[in-house]
Every structure is written in structure tokens, then in C-alpha cells.
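All residue numbers refer to positions in the sequence shown, counting from 1. Both backbone and side-chain heavy atoms feed into the values below; hydrogens, waters and symmetry mates do not. None of these values were measured; they are calculated from a predicted model.
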Amino acid sequence: METTNYDIITIGGGLGGATLAKVMADSGARVLVLESEPQFKDRVRGEVMLSWGVAEAQELGIYETMKSAGGREVEWGEQTAGQSWEENAAVRRHLPTTTVQGTPRLNFYHPEMQEAVLQAASDSGATVHRGVRVRGLESDGAPKITATVDGDEQEFTARLIVGADGRSSGTRKWGGFEVIKNQAKTFIAGILFDDMDSPDDASQNYRTFDSGLTALLFPQGNRRVRAYLCYPQAWGMRLSGSDDLRRFIDWSVDAGVPAEYYEDVTPAGALASFDSSATWVEHPYRDHVALIGDAAGATDPMWGQGLSLTMRDVRVLRDQLLSHKDWDKAGHAYAEEHDKYFTVCNTVQIWFERLMVETGPEADARRELALPLWREDATRRVDTFASGPDHSIDEEVRRRFFGED
């Protein structure tokens with residue numbers, strides 16, 4: 001069996017794997033991308049990159065590629081109830097002037113973005129194989145991948161293997177990483193709509209405290225909108241397919257979305273739902289194998305951090321690889337940094353869940369204590385989701401967040 005050697009092999013050619021391949025190929029590394037899908041297909045997944053992720057993509061030099069693939073800059077974020085805390089009162093936030101980075105959000109259609117970034121990696125000199133079935137990973141000594149490419153079983157070796165293969169990562173399993181998961185509480189359902197009469201200049205967030213429902217709308221232009229609905233797992237339903245479309249719309253209206261938005265909508269993709277619990281590994285590097293993106297750590301997608309975390313992972317791993325001749329040292333340095341910022345994102349997510357999503361008397365009491373204080377002093381509400389995880393989560397920050405000081 002023929003064996004081909006590279007500096008880096010990325011298992012997965014989505015946003016994380018393709019971006020890393022591009023930036024490292026630009027720096028002279030020999031990079032191989034192994035992507036399982038011959039053609040990227042529409043699935044229910046994140047299609048909004050928040051302001052701090054936009055800044056990471058800009059720093060990586062990939063942002064214009066994403067925009068050219070139909071990415072839509074959205075300068076406004078609008079929240080009802082969850083931010084204003086008054087029934088039916090919407091608050092609009094201008095992101096370029098209120099975030100640390102001074103950047104908008106970027107909304108896009110995921111398959112088009114993936115194709116553009118993977119093509120950019122190829123244009124930079126990375127070798128790309130698609131329709132690949134990776135069969136295994138050996139990490140003793142020089143790491144080796146066995147994969148079926150164009151019907152032939154082949155072996156590839158590299159200085160570094162990077163698992164960029166998502167929440168159900170095979171690389172993570174082969175590398176012996178232990179997965180940690182938050183308690184399951186919420187399902188998130190999503191669908192792509194055409195002909196939706198919602199504002200085209202703002203992402204929208206609707207939330208009701210009594211039911212625990214959250215509805216999210218992300219415009220993609222020309223009346224196309226990616227719509228999500230987050231609802232308690234205790235309800236025992238997995239919304240899926242055309243039979244559940246009416247229930248998805250009704251519950252979205254219950255969350256506060258104006259009913260008229262849905263009067264003329266046409267589904268442009270399938271309705272599907274999934275468990276939104278955060279999953280992660282501690283220290284996502286070992287034995288010349290690094291994990292990035294959802295393979296390393298996936299927060300609850302209700303809070304929209306996934307794509308931004310992926311960009312941060314790529315940027316930090318790139319910086320460490322370019323700073324150290326010893327890539328084992330670089331891998332450990334990346335993992336240590338990843339643990340810090342992922343912990344901030346995950347911790348703040350749990351805080352917001354307790355305050356803004358949980359239902360019942362105890363949750364109501366937390367809101368009655370904290371939210372009036374937030375109205376008086378907006379700095380109590382940490383801005384992680386818009387401006388990123390570069391801040392403390394010590395006891396003082398936690399107490400101020402919950403109004404316990």
C-alpha cells in the first residue's frame with residue numbers, strides 16, 4: 001500500500017478544516033484535506049457568525065472569501081423579552097458600534113460557504129480529497145491515517161492530524177479523547193424558509209420566560225431566512241419533517257414571532273431537530289492529534305458560538321504551529337488556550353440558561369432579582385456572545401450577573 005507524507009492532515013473539509021488547510025498552506029506547509037462529502041448538502045446547522053468570530057475570520061484572511069460566497073453582513077441584532085424584559089418590547093442593537101471588535105454578524109448558506117472555503121484551501125496549495133472514508137488513525141510514533149480514496153485504500157502520514165469532523169467526530173474516538181456533556185435540557189429545531197416577511201436587516205431573537213421557548217431568525221437576503229426554535233426536551237417531541245411544520249410555526253409564534261411572518265413562507269429545506277447540549281473534551285490535543293471546532297468543543301447552538309469558536313480554534317492553532325518548531329509543544333499550547341476560552345463560553349451559556357431559559361418559581365425569582373439591575377447597569381450582563389470570551393468569569397462577575405452583590 002502506497003504511503004504519502006504531509007505536514008498536516010485535516011479530517012474534515014468544512015469551515016475549520018478548510019480554513020486551517022488554507023492558512024497553513026499559505027505558510028508553506030504540505031496539507032492534505034480528507035472530506036467525506038462529495039458535495040456539501042443543506043443541513044440544520046449554524047449559519048450565523050457573531051461579531052467576535054467575524055474578527056477572527058478577518059484576521060485569518062478568510063472573511064472576504066466567505067462574503068463572496070453569499071455571506072450577508074447584518075449590522076443589527078434585535079431581541080424581544082430576553083433583553084428588554086418587557087412584554088413585546090423589542091430592543092435593536094447596532095453591532096458595529098457596540099461590540100468590542102466593532103464588527104457586524106455574518107449570515108450565510110452553509111453549503112455555499114463550505115465550497116468556497118474548501119476551494120480557497122485548494123487554491124493555496126492544499127491537496128483535497130472528497131468522498132473519502134477514513135477507516136482509522138494510528139497515533140503511536142508518526143501518526144498515520146488509513147482511508148478509502150476513489151475506491152482505493154491508502155495510507156497517509158503527517159506531523160499533525162487535525163480532527164475537524166464535527167460533533168460526532170471519528171478522530172476524537174480514534175485519538176482516545178473522553179467526551180464530556182452538559183445535562184440535556186433543550187431541543188433545537190431548524191428550517192430554511194423562502195418568502196418570509198421578516199426584517200432583512202436584523203437577526204432576531206424572541207423568548208418567553210413562562211414556556212422556555214426561544215425563536216431565532218437569521219436573514220440571508222431576498223426573503224430567505226434560517227429559522228430556529230429552541231424548546232424544552234421535557235416536552236418529549238423531536239420536530240421533524242413536513243408533518244411537524246405547523247407545530248414549529250405555532251410554537252415560534254408562541255415565542256413571540258409575529259404570525260404574519262409565516263403567512264407566505266415556503267420551506268426551502270427539511271425541518272429537523274437535535275439535542276443542543278454542549279459537548280467537549282478537556283485539552284483537545286494528544287499524541288500528534290489536535291481537535292478543532294465542534295470536535296473539540298460544541299456549546300449549545302442556542303447561543304450561536306459554534307462558528308466563532310471554530311475560527312478562534314483555527315487562529316490559535318495556526319499561531320502556535322507557526323511559533324514553535326516543536327509541534328508537540330505547539331499542540332499542547334493550543335489545547336491549554338482552547339480550554340480557557342471554551343470554559344468561558346460554556347460557563348456563561350449555563351448562566352444565561354439559568355436566568356433566561358429555565359422556567360418555574362426559582363427561575364422567576366432569579367429574573368426578578370437580576371434583570372432590574374441589568375436595566376440600571378448593562379455591564380452586569382456579560383457580552384460574551386457578541387464580543388467574545390476574553391473576560392473573567394470569577395465569583396465577582398458571577399455575582400454581578402445574577403444580581404447577588
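With values rounded to the nearest 0.5 angstrom, D394 atom CG is found 11.5 Å from R399 atom CZ. Residue Q233 holds its CD atom at 11.5 Å from CD1 of I188, rounded to the nearest 0.5 Å. Note that OG1 of T347 is 3.5 Å distant from CD1 of I393, once rounded to the nearest 0.5 Å. Residue W52 holds its CH2 atom at 10.5 Å from OG of S387, rounded to the nearest 0.5 Å. Distance check, rounded to the nearest 0.5 Å: CZ of R159 to CD1 of I9 gives 13.0 Å. The CD atom of Q58 sits 9.5 Å away from the CG atom of L106 when rounded to the nearest 0.5 Å.
The main-chain N or O of D300 is found under 3.5 Å from a side-chain atom of Q349 such that the two form a donor-acceptor pair. Distance alone, capped at 3.5 Å, places no donor-acceptor pair between the D294 side chain and the R167 backbone. A donor-acceptor pair under 3.5 Å is formed between the side chain of W374 and the backbone N or O of F401. Judged purely by atom type and a 3.5 angstrom limit, T208 has no side-chain atom pairing as donor or acceptor with the backbone of D210. Side-chain atoms of S240 do not come within 3.5 Å of backbone N or O of A272 as any donor-acceptor pair. Remark: the backbone N or O of E155 is not paired with any side-chain donor or acceptor of T146 at under 3.5 angstrom. Counting only distance, with no hydrogens or angles, the side chain of S122 and the backbone of L118 share no donor-acceptor pair below 3.5 Å. Put simply, the side chain of Q101 never gets that close to the backbone of T103: no donor and acceptor are under 3.5 Å apart. A donor-acceptor contact shorter than 3.5 Å is absent between the side chain of T148 and the backbone of G151. Formation of a donor-acceptor pair under 3.5 Å by the R366 side chain with backbone atoms of R354 is found in this model.
Across all their heavy atoms, M66 and V117 have their closest contact at CG-CG2, 4.1 Å. Scanning all heavy atoms of the two residues, the minimum distance from L216 to M302 falls at CD1-O, 3.7 Å. For the pair S124 and D26, the tightest heavy-atom approach, listed with the atom from each and the gap, is OG-OD1, 2.8 Å. Of all non-hydrogen atoms in G293 and T310, the two that sit nearest each other are CA-OG1, 3.4 Å.
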Carefully, step by step, assess W327 and Q320 under the rule side chain to side chain donor-acceptor pair (under 3.5 Å). CA-CA 8 Å; W327 278 12; Q320 295 297 340; over 6 Å; no
Please walk me through it: do E75 and R105 pass salt bridge (charged side-chain N to carboxylate O under 4.0 Å, His left out)? CA-CA 6 Å; E75 294 191 354; R105 293 176 178 173; over 6 Å; no
Given side chain to side chain donor-acceptor pair (under 3.5 Å), test S277 with N182 step by step and report yes or no. CA-CA 6 Å; S277 303; N182 282 347; over 6 Å; no
CA sep, side-chain torsions, deciding dist, call: L309, C345, side chain to side chain contact (heavy atoms under 4.5 Å, CB included): CA-CA 9 Å; L309 279 166; C345 288; 4.0 Å; yes
Would R133 and V149 count as a side chain to side chain contact (heavy atoms under 4.5 Å, CB included) if you check the C-alpha gap in whole Å, the side-chain angles of each, and the deciding distance to 0.1 Å? CA-CA 7 Å; R133 181 179 179 185; V149 180; over 6 Å; no
Please walk me through it: do T279 and I180 pass side chain to side chain contact (heavy atoms under 4.5 Å, CB included)? CA-CA 6 Å; T279 59; I180 304 168; over 6 Å; no
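In summary, of the residues considered (D197, D200, D194), a salt bridge (charged side-chain N to carboxylate O under 4.0 Å, His left out) with R223 occurs for D197 alone. With respect to Y6, the side-chain contact (heavy atoms from CB on, under 4.5 Å) criterion is satisfied by exactly one of I161, T127, V31: T127.
Ionic pairing of K340 and E337 is not present here: no N-O contact between side-chain nitrogen and carboxylate oxygen is shorter than 4.0 angstrom. In summary, R398 and E404 engage in a salt bridge, as defined by a charged side-chain N under 4.0 Å from a carboxylate O. Ion pair K181/D275 flagged as a salt bridge, since at least one NZ, NE, NH1 or NH2 atom sits closer than 4.0 Å to an Asp/Glu carboxylate oxygen. Ion pair R130/E115 flagged as a salt bridge, since at least one NZ, NE, NH1 or NH2 atom sits closer than 4.0 Å to an Asp/Glu carboxylate oxygen. Between R172 and E178, no side-chain nitrogen of the basic residue sits less than 4.0 Å from a carboxylate oxygen of the acidic one, so the salt-bridge criterion is not met. A salt bridge is defined here as a Lys NZ or Arg NE, NH1 or NH2 lying under 4.0 Å from an Asp or Glu carboxylate O, and D250 with R247 fails to meet this definition. Using a 4.0 Å cut-off between charged nitrogen and carboxylate oxygen, R312 and D390 count as a salt-bridge pair. With respect to R400 and E396, no salt bridge is recorded, no charged nitrogen being found less than 4.0 Å from a carboxylate O.
Other residues, nucleotides and ligands contribute only 12 or fewer heavy atoms inside 6.0 Å of the CD atom of E282. The local environment of CG in N222 is sparse, with at most 12 non-hydrogen atoms from other residues, nucleotides or ligands closer than 6.0 Å. In the displayed structure, D150 atom CG is contacted under 6.0 Å by at most 12 heavy atoms of other residues, nucleotides or ligands. More than 12 heavy-atom neighbours from other residues, nucleotides or ligands sit within 6.0 angstrom of CD on E395. Other residues, nucleotides and ligands contribute more than 12 heavy atoms inside 6.0 Å of the CD atom of E260. Crowding of R238 atom CZ: a count of heavy atoms from other residues, nucleotides or ligands under 6.0 Å exceeding 12.
With F218 as the aromatic partner, R72 does not meet the cation-pi criteria of under 6.0 angstrom to the ring centre and within 45 degrees of the ring axis. Judged by a 6.0 Å distance limit and a 45° cone about the ring axis, R224 is positioned over the six-membered ring of Y109.
The aromatic rings of H94 and W76 sit tilted, their planes meeting at an angle between 30° and 60°. Classification of the F342-H338 ring pair by plane angle, with boundaries at 30° and 60°, yields parallel. The aromatic rings of W235 and W251 sit perpendicular to each other, their planes meeting at more than 60°, with 30° as the lower class boundary. Relative orientation of the Y206 and Y261 rings is perpendicular, given thresholds of 30° and 60° on the angle between their planes. Between F402 and W351, the ring-plane angle classifies as perpendicular under the 30° and 60° cut-offs.
Pairs of residues two or more places apart, or lying in two chains, never qualify as ring-ring contact (aromatic ring centres under 6.0 Å, His included) while including a residue from residues 118-145. For residues 61-71, the pairs satisfying side chain to side chain donor-acceptor pair (under 3.5 Å) are Y63-E73, with sequence neighbours left out. The stretch residues 375-394 participates, sequence neighbours left out, in these ring-ring contact (aromatic ring centres under 6.0 Å, His included) pairs: W303-F385, F352-F385.
R207 and T80 share no donor-acceptor pair across their side chains, judged by distance under 3.5 Å alone. Counting only N and O atoms by type, the side chains of D313 and Y341 include a donor and acceptor under 3.5 Å apart. One side chain, T98 or R93, offers a donor N or O that lies under 3.5 Å from an acceptor on the other. Residues N5 and T157 have side chains that bring a donor and an acceptor to within less than 3.5 angstrom of each other.
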